[in-house]
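So that the names make sense, note that chain A is the first sequence line, chain B the second, and so on, each numbered from 1. Side chains included, hydrogens not; waters and symmetry mates left out as well; all remaining heavy atoms used.
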Amino acid sequence: DAEITQSPRHKITETGRQVTLACHQTWNHNNMFWYRQDLGHGLRLIHYSYGVQDTNKGEVSDGYSVSRSNTEDLPLTLESAASSQTSVYFCASSPWGTGVFFGPGTRLTVL
Amino acid sequence: GIQVEQSPPDLILQEGANSTLRCNFSDSVNNLQWFHQNPWGQLINLFYIPSGTKQNGRLSATTVATERYSLLYISSSQTTDSGVYFCAVPAGGTSYGKLTFGQGTILTVHP
């Protein structure tokens, strides 16, 4: 079955380290998104991509970057992890004209 | 930006009861989604419903775009319905996939 996967599912890192969260979808969707979920703030958009080589900043993009070299993957990189980036990260994908589907999430703790 | 308000914030039911969750949004939108976040954190896509009414088993949803609200009906609730229900609309009203989420309704169903 087609699906969207994230890895790792849990990660503990230290302040200042570079961290990359992987997102892989087998639906062949053009559109991919990264959100973070925090108590009191709900879900907020970090970055998104509407196709290969296309990347765009979302509402809370500072300190994060993405790249899209193929249809299936949109890795999210934290350039220098900060405690404020402790969160649950969700990757999502969608075709045009229908709903957005979310991955299982990655729980990231920055110490 | 567009504002999304959900009510009630919390809802406690006995198994078998019916409930209605409401989502109000502050500007015109061209689509709306309902999600269920289960106790394990997974975000499950319930409905993509720009307008009109859709049904899926015990759940149904209605969106009245001209009046800027959507309703999610849960009939004959089960303990597995527990979790958080989110509605989400496009940021700016029409931007595809860039979702603005409400703060959610926490549903607890007791056996």
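- Only the side chain of B/Phe35 comes within contact range of chain A, with at least one heavy atom under 4.5 Å from a heavy atom of that chain.
- Atom CH2 of A/Trp96 has more than 12 heavy atoms from other residues, nucleotides or ligands within 6.0 Å.
- Neither the backbone nor the side chain of A/Glu59 comes within contact range of chain B; no heavy atoms are under 4.5 Å apart.
- In this structure, the separation between CD on A/Gln37 and CZ on B/Phe101 is 8.5 Å, given to the nearest 0.5 Å.
- Looking at A/Phe90 and B/Gln37, their side chains come closer than 4.5 Å, going by heavy atoms from C-beta outward.
- When the shell of 6.0 Å around CZ of B/Arg58 is examined, it contains more than 12 heavy atoms from other residues, nucleotides or ligands.
- Checking side-chain atoms of A/Tyr35 against main-chain N and O of B/Leu99 turns up a donor-acceptor pair under 3.5 Å.
- Of the listed residues (B/Leu43, B/Thr100, B/Val84), the one with the most heavy-atom contacts under 4.5 Å to chain A is B/Leu43.
- In this structure, A/Tyr48 OH and B/Lys98 NZ are separated by 3.0 Å, a value rounded to the nearest 0.5 Å.
- Using a 4.5 Å cut-off between side-chain heavy atoms of Ile, Leu, Val, Met, Phe, Trp and Tyr, with links allowed through other members, A/Val88 and A/Val110 fall into different hydrophobic clusters.
- Within a 6.0 Å sphere centred on CD of B/Glu5, heavy atoms belonging to other residues, nucleotides or ligands number 12 at most.
- The distance from atom CZ of A/Phe102 to atom CG of B/Asn45, rounded to the nearest 0.5 Å, is 8.5 Å.
- For CD1 of A/Ile12, the number of neighbouring non-hydrogen atoms (other residues, nucleotides, ligands) closer than 6.0 Å is 12 at most.
- Interface residue A/Leu43: backbone and side-chain heavy atoms are both found under 4.5 Å from chain B.
- Atom CZ of B/Arg68 has more than 12 heavy atoms from other residues, nucleotides or ligands within 6.0 Å.
- Within 6.0 Å of the CG atom in A/Leu111, the count of heavy atoms belonging to other residues, nucleotides or ligands exceeds 12.
- Between chain B and the options A/Gly58, A/Pro95, A/Gly105, the largest number of non-hydrogen pairs under 4.5 Å is found for A/Pro95.
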